[in-house]
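What follows is a short report on a single structure.
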Amino acid sequence: MRVLLVEDDKMIGAAVLEALKDAAYAVDWVRNGDLAIEAIHSETYDIALLDLGLPLIDGLEVLKRVRAERVRLPVIVLTARDALSDRVAGLDLGADDYLVKPFEIGELLARMRAVLRREGSGTPPVLTNGRLCLDPATREATFSGEKAVLSAREFALVQALLMRPGAILSRGELERQIYGWTEEVESNAVEFLIHAVRKKLGAIAIRNVRGVGWMVDRPTC
Ligand code: CA
């Protein structure tokens, strides 16, 4: 899952970025409103975390433009402003949730999961196609009796496949779900992750469609 983080404060931004990467999200971090709008136009995100006090274009203005363009993007506003009027303005402009700084990272992650669930496109509490199961809260995967805790990237890979069971995902699509812009991706990184997951869960947990990509089976019922 890909997240756009819009935050001009270096310390907060770096801390949130690390926590999101640990939680298996691919993250793009921008530090002003102009770049946020550019990013939203050039990438498809599952969710955006938006600070309000931003250089160039203010966060509320970013939100207003995004909603005016009818871009379907869940937005959680992160802000030091806790004035009621700002909160109301943010929600009126179409923010999906609101978190006042300072916040606990655990709360941010829980709210992101809740917003993504409401959105319908996001992770249900446990993802499964009947045989392969994935629990986002513990990062634990099970396949035909084999149980393993996955690394953040292994989790992101399996999650991307399980969100579209039966669909073949290319290397590029998988990379988009696993890595942010600034992360260097080795040419065989996806193969390496697939290999690691198969080693933990069994070779047939993920199917290889030669020359096209990878998939997990469609639910059987
Ligand atoms: Ca700020």
Side-chain angles (χ1 to χ4, degrees), residues 1-4 20-28 39-48 70-75 96 109 112-181 183-221:
M1 280 213 207
R2 205 171 180 93
V3 181
L4 178 65
L20 292 178
K21 276 163 59 178
D22 274 353
Y25 290 101
V27 189
D28 296 334
I40 291 163
H41 286 158
S42 62
E43 262 292 352
T44 307
Y45 292 99
D46 296 287
I47 191 166
R70 305 201 172 278
V71 175
R72 203 187 122 118
L73 173 67
V75 174
D96 296 270
L109 295 174
M112 287 171 70
R113 288 195 295 268
V115 166
L116 287 165
R117 265 202 301 278
R118 277 208 300 274
E119 194 61 16
S121 63
T123 43
V126 172
L127 268 171
T128 182
N129 67 346
R131 286 183 85 187
L132 180 59
C133 277
L134 200 56
D135 185 346
T138 59
R139 239 201 256 141
E140 205 171 67
T142 316
F143 181 75
S144 297
E146 292 296 325
K147 202 173 235 189
V149 174
L150 303 181
S151 74
R153 283 179 173 163
E154 290 163 4
F155 179 90
L157 171 103
V158 177
Q159 175 175 256
L161 291 165
L162 266 180
M163 284 176 72
R164 294 175 59 198
I168 302 167
L169 301 192
S170 68
R171 179 204 313 271
E173 277 172 277
L174 288 170
E175 283 175 357
R176 272 195 65 251
Q177 303 284 334
I178 303 170
Y179 301 97
W181 286 334
E183 293 177 86
E184 218 167 288
V185 186
E186 301 274 346
S187 62
N188 59 350
V190 168
E191 279 88 346
F192 190 78
L193 288 173
I194 300 261
H195 178 76
V197 170
R198 283 179 168 157
K199 221 168 150 186
K200 289 181 177 177
L201 297 176
I204 56 169
I206 297 172
R207 288 215 279 148
N208 180 14
V209 183
R210 204 169 286 280
V212 190
W214 295 269
M215 64 180 285
V216 297
D217 291 324
R218 223 184 281 278
T220 42
C221 51

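Heavy-atom basis, side chains included; hydrogens, waters and symmetry copies ignored.
A pairwise comparison of heavy atoms in Ala156 and Ala24 identifies CB-O, 3.4 Å as the closest pair. The two residues Ala26 and Gln177 make their nearest non-hydrogen contact at CB-O, 3.6 Å. The minimum heavy-atom distance linking Pro136 with Phe155 is given by the pair CA-CZ, 3.6 Å. Minimum heavy-atom separation, Tyr179 to Ala189: OH-CB, 3.4 Å. The two residues Asp46 and Met1 make their nearest non-hydrogen contact at OD2-CA, 3.2 Å. Ala160 and Leu174 make their closest contact through CB-CD2, 4.0 Å (heavy atoms, listed as atom of the first residue, atom of the second, distance).
With respect to Val216, the side-chain contact (heavy atoms from CB on, under 4.5 Å) criterion is satisfied by exactly one of Val158, Ile204, Leu161, Leu169: Leu161.
Between atom CG of residue Leu162 and atom SG of residue Cys133 there is a gap of 8.0 Å, rounded to the nearest 0.5 Å. To the nearest 0.5 angstrom, Glu186 atom CD is 7.0 Å from Glu184 atom CD. Once rounded to the nearest 0.5 Å, the distance linking CD1 of Ile178 with CZ of Arg171 reads 11.0 Å. Within the model, atoms OG1 of Thr44 and CG of Leu73 stand 9.5 Å from one another, a figure rounded to the nearest 0.5 Å. Rounding to the nearest 0.5 angstrom, the gap separating the CZ atom in Arg207 from the CH2 atom in Trp214 is 14.5 Å. Rounding to the nearest 0.5 angstrom, the gap separating the CG atom in Leu4 from the OH atom in Tyr25 is 14.0 Å.
With hydrogens and angles ignored, the 3.5 Å screen pairs no side-chain donor or acceptor of Arg2 with any backbone N or O of Asp28. Panel note: side chain Asp135, backbone Glu140; no donor-acceptor pair is recorded below 3.5 Å. Of the possible donor and acceptor atoms, one in the side chain of Glu173 sits under 3.5 Å from a partner among the backbone N and O of Ser170.
Between Leu132 and Thr142, every side-chain heavy-atom pair lies at or beyond the 4.5 Å cut-off. With a 4.5 Å cut-off on side-chain heavy atoms, Arg164 and Met215 do not count as touching. Side-chain atoms of Arg131 and Phe143, non-hydrogen and from C-beta on, do get closer than 4.5 Å to each other. Residues Glu43 and Trp181 have side chains in contact (heavy-atom distance under 4.5 Å, counting atoms from C-beta outward). Using a 4.5 Å cut-off on side-chain heavy atoms (C-beta onward), Val126 and Leu134 make no contact.
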Donor-acceptor pairs under 3.5 angstrom involving side-chain atoms of residues 145-154: please list them, not counting sequence neighbours.
residue : atom : partner : partner atom : Å
Ser151  : OG   : Glu154  : N            : 3.2
Arg153  : NH2  : Glu183  : OE1          : 2.1
Glu154  : OE1  : Ser151  : N            : 3.0
Glu154  : OE1  : Lys200  : NZ           : 2.7

What do the steps show when you test Ile206 against Val197 for side-chain contact (heavy atoms from CB on, under 4.5 Å), and what is the final call? CA-CA 8 Å; Ile206 297 172; Val197 170; 3.8 Å; yes
Under the side-chain contact (heavy atoms from CB on, under 4.5 Å) criterion, do Asn129 and Arg218 qualify, and how do the steps go? CA-CA 6 Å; Asn129 67 346; Arg218 223 184 281 278; over 6 Å; no
Leu20 and Met112: CA distance, side-chain angles, deciding distance, side-chain contact (heavy atoms from CB on, under 4.5 Å) verdict: CA-CA 10 Å; Leu20 292 178; Met112 287 171 70; 3.6 Å; yes
Apply side-chain contact (heavy atoms from CB on, under 4.5 Å) to residues Lys199 and His195 and explain how you reach the verdict. CA-CA 6 Å; Lys199 221 168 150 186; His195 178 76; 4.1 Å; yes
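Checked against side chain to side chain contact (heavy atoms under 4.5 Å, CB included), Ser187 has no partners two or more places apart in sequence or in another chain.
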